[in-house]
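In what follows, a structure is listed as structure tokens, so that the remarks can point back to it.
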Amino acid sequence: MKKIYIFNIFVTLILHIIIPICIYLIFGFQYEYAPVKEQYVYMAAIILAGVLLVSAILIVVFSRNKRNITLQNLYDSKLLGGNTIEIIFIFTLFINIIKIIQTGNFDSILNGAGNGSIIAYLQLFFDIRVVYFCVLIKSYRAKSFGKIFLWSILYVGISLMYSSRSGILWMVFFNAWIVLGVEISSRMKKNILLIICLAVGISPFLFAYSTNSRATERQSAQYMAHKIVARISYDEIAGIELEQYMENKYQKEIFQEKYGLINQLEQCINSIMPGDLFESDVQPNQYWRAVFVGWSLQGCQEHYMSMTSMLPMYLIMKYGFFYGITISILVIVGIYFLISKIKEPVVSSFLAGVIFYTFFQFFDWCYHFRDMFCFVLTFLMIRCLGILTNKIKIRSFRLGRACV
């Protein structure tokens with residue numbers, strides 16, 4: 001688990017901070033989201049990199065968790081018994097296909113079409129990321145390279161049907177986390193690394209495909225290259241926030257209202273209620289453009305344009321540089337130690353991968369609360385269905401003996 005968490009910290013540092021900065025230095029900086037002075041982009045990159053490096057050092061120094069998850073640990077897992085998880089994965093694919101047919105094109109999905117349907121409710125109990133990770137890790141336990149490849153192709157296929165540009169990234173991450181966190185043979189590691197390298201190689205083309213499927217016309221290669229850099233970069237968005245915070249240009253009232261703890265708590269409660277206990281609102285991240293780019297509140301509510309606001313920048317804007325940076329480090333380290341207390345190997349390895357990566361780069365309490373709510377419901381559903389199928393097998397066996 002420790003290797004997974006540290007791996008994510010360094011992937012975030014290299015992929016989302018260092019590589020974009022190098023591209024800016026070589027080819028020049030071109031903003032995507034809002035005009036920003038370059039010095040603030042570089043200053044933000046230094047802050048983000050510093051938070052990540054200090055957090056990694058503290059975890060390495062103070063953590064005593066050096067034990068990898070073994071195949072025996074996976075055999076003992078109560079989430080991977082029988083063929084239940086494979087059936088659940090197929091069912092999850094099925095309800096996602098129905099959701100795609102029900103909602104139509106990408107714009108309809110973003111505008112919330114089908115959110116109040118039975119299928120949308122079922123998706124709370126069958127989060128495809130959790131189910132894919134579980135079926136994947138069971139295939140690792142069985143040392144079945146063919147099944148690993150099959151489940152991965154199906155997962156990426158569903159993400160492309162959603163016009164999602166992150167499906168291939170999550171597929172790479174899930175496999176990388178398992179290779180790092182589970183003791184498996186060197187031969188299987190080589191095969192999986194081959195899949196990962198292949199997936200990384202085709203990821204720009206899948207990104208272009210998903211982007212074109214959203215647009216009304218084909219985009220040029222130069223445009224795609226710029227989009228990819230903007231998509232992976234945390235530096236530009238953090239630089240915009242830093243500049244407007246230091247020069248007091250951002251809409252402070254909207255930020256305090258929409259990103260305030262009270263509003264976020266109310267929307268978290270609304271997200272798990274059949275109706276709305278409090279005044280209904282979209283997630284705070286959708287108001288990023290109202291805070292920093294000058295959009296109207298109505299425009300943010302009507303158009304899904306959520307933005308990634310990194311954890312350190314959010315806390316700096318709330319509490320200033322010293323407390324914001326200090327709290328960021330404590331939160332990152334604290335999350336690691338909390339997850340390390342979880343005994344179930346499948347759950348701990350999944351959360352070690354997903355929680356940090358999403359929490360750092362997409363800070364919004366409502367977003368993460370809904371994620372955790374779906375994760376808990378899905379893990380409980382997998383466990384309950386596993387118990388149910390085991391009881392059915394036992395009863396069938398007894399019935400068979402009675403007939404004999």
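Quick note: numbers below take in every heavy atom, side chains included, and nothing from hydrogens, waters or symmetry partners.
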**Request:** Would you please test W151 and L154 for side-chain contact (heavy atoms from CB on, under 4.5 Å) and show each step?
**Result:** CA-CA 5 Å; W151 304 140; L154 290 174; 4.0 Å; yes
**Asked** Is any side-chain heavy atom of Y367 less than 4.5 Å from a side-chain heavy atom of F369?
**Response** no
**Request:** For atom OH of Y31, decide whether the heavy atoms of other residues, nucleotides or ligands shown that lie under 6.0 angstrom number more than 12.
**Result:** no
**Asked** Looking only at side chains, do W288 and E241 share a donor and an acceptor under 3.5 Å apart?
**Response** yes
**Complete:** Closest heavy-atom pair, N175 versus S152, reported as atoms and distance to 0.1 Å, is ND2-OG, 3.8 Å
**Request:** Would you please test Y42 and L25 for side-chain contact (heavy atoms from CB on, under 4.5 Å) and show each step?
**Result:** CA-CA 10 Å; Y42 297 121; L25 290 172; 3.7 Å; yes
**Message:** Could you report the tightest heavy-atom contact between L13 and A49, atom names first, then the distance?
**Reply:** CD1-CB, 3.5 Å
**Prompt:** Is there a side-chain contact between L380 and F125 (heavy atoms, below 4.5 Å)?
**Reply:** no
**Audit row: M188, V179, side-chain contact (heavy atoms from CB on, under 4.5 Å) steps and yes/no** = CA-CA 9 Å; M188 177 163 279; V179 169; over 6 Å; no
**Prompt:** Does CD belonging to Q30 count more than 12 external heavy atoms closer than 6.0 Å?
**Reply:** no
**Request:** Ignoring hydrogens and angles, state whether a donor on the side chain of S55 or Y336 is under 3.5 Å from an acceptor on the partner side chain.
**Result:** no
**Asked** For residues D127 and Y132, is any side-chain donor paired with an opposing acceptor at under 3.5 Å?
**Response** no
**Request:** Please check if atom CZ in F321 has more than 12 non-hydrogen atoms from other residues, nucleotides or ligands closer than 6.0 Å.
**Result:** yes
**Message:** Test your reading of the model: is there a side-chain donor-acceptor pair from N270 to the backbone of F278, 3.5 Å cut-off?
**Reply:** yes
**Request:** List the atom of S349, the atom of I137, and the distance in Å for their closest heavy-atom pair.
**Result:** OG-CD1, 4.2 Å
**Pairwise side-chain contact, S233 with Y24, heavy-atom cut-off 4.5 Å (strictly under)** = yes
**Prompt:** Side chains of E247 and Y40: do they bring a donor and an acceptor to under 3.5 Å?
**Reply:** yes
**Prompt:** Between S77 and E344, is any side-chain donor less than 3.5 angstrom from a side-chain acceptor?
**Reply:** yes
**Request:** Could you walk me through whether Q251 and F292 pass the side-chain contact (heavy atoms from CB on, under 4.5 Å) test, one step at a time?
**Result:** CA-CA 7 Å; Q251 298 297 318; F292 299 104; over 6 Å; no
**Item:** Non-hydrogen side-chain atoms of E257 and N263 separated by less than 4.5 Å
**Value:** no
**Prompt:** So, Q123 and N96: side-chain donor and acceptor under 3.5 Å apart, yes or no?
**Reply:** yes
**Item:** Separation of I329 CD1 from L53 CG (nearest 0.5 Å)
**Value:** 10.0 Å
**Asked** Is the distance between the ring centroids of H16 and Y357 under 6.0 Å?
**Response** yes
**Message:** When you compare the side chains of N285 and Y259, does any donor N or O come within less than 3.5 Å of an acceptor on the partner?
**Reply:** no
**Asked** So does R231 pair up with E236, basic N to acidic O under 4.0 Å?
**Response** no
**Prompt:** Within a strict 4.5 Å, meaning less than it, do heavy atoms of the M43 and M246 side chains meet?
**Reply:** yes
**Asked** Can any side-chain N or O of S348 pair as donor or acceptor with the backbone N or O of P345 at less than 3.5 Å?
**Response** yes
**Item:** Single hit among W170, W177, F379, Y5 for ring-ring contact (aromatic ring centres under 6.0 Å, His included) with F350
**Value:** F379
**Message:** Heavy-atom count check: over 12 atoms from other residues, nucleotides or ligands less than 6.0 Å from F91 CZ?
**Reply:** yes
**Donor-acceptor under 3.5 Å (R289 side chain, Y33 main chain)** = no
**Request:** Would you name the heavy atoms of Q301 and V282 that are closest together and state the gap between them?
**Result:** O-CG1, 4.0 Å
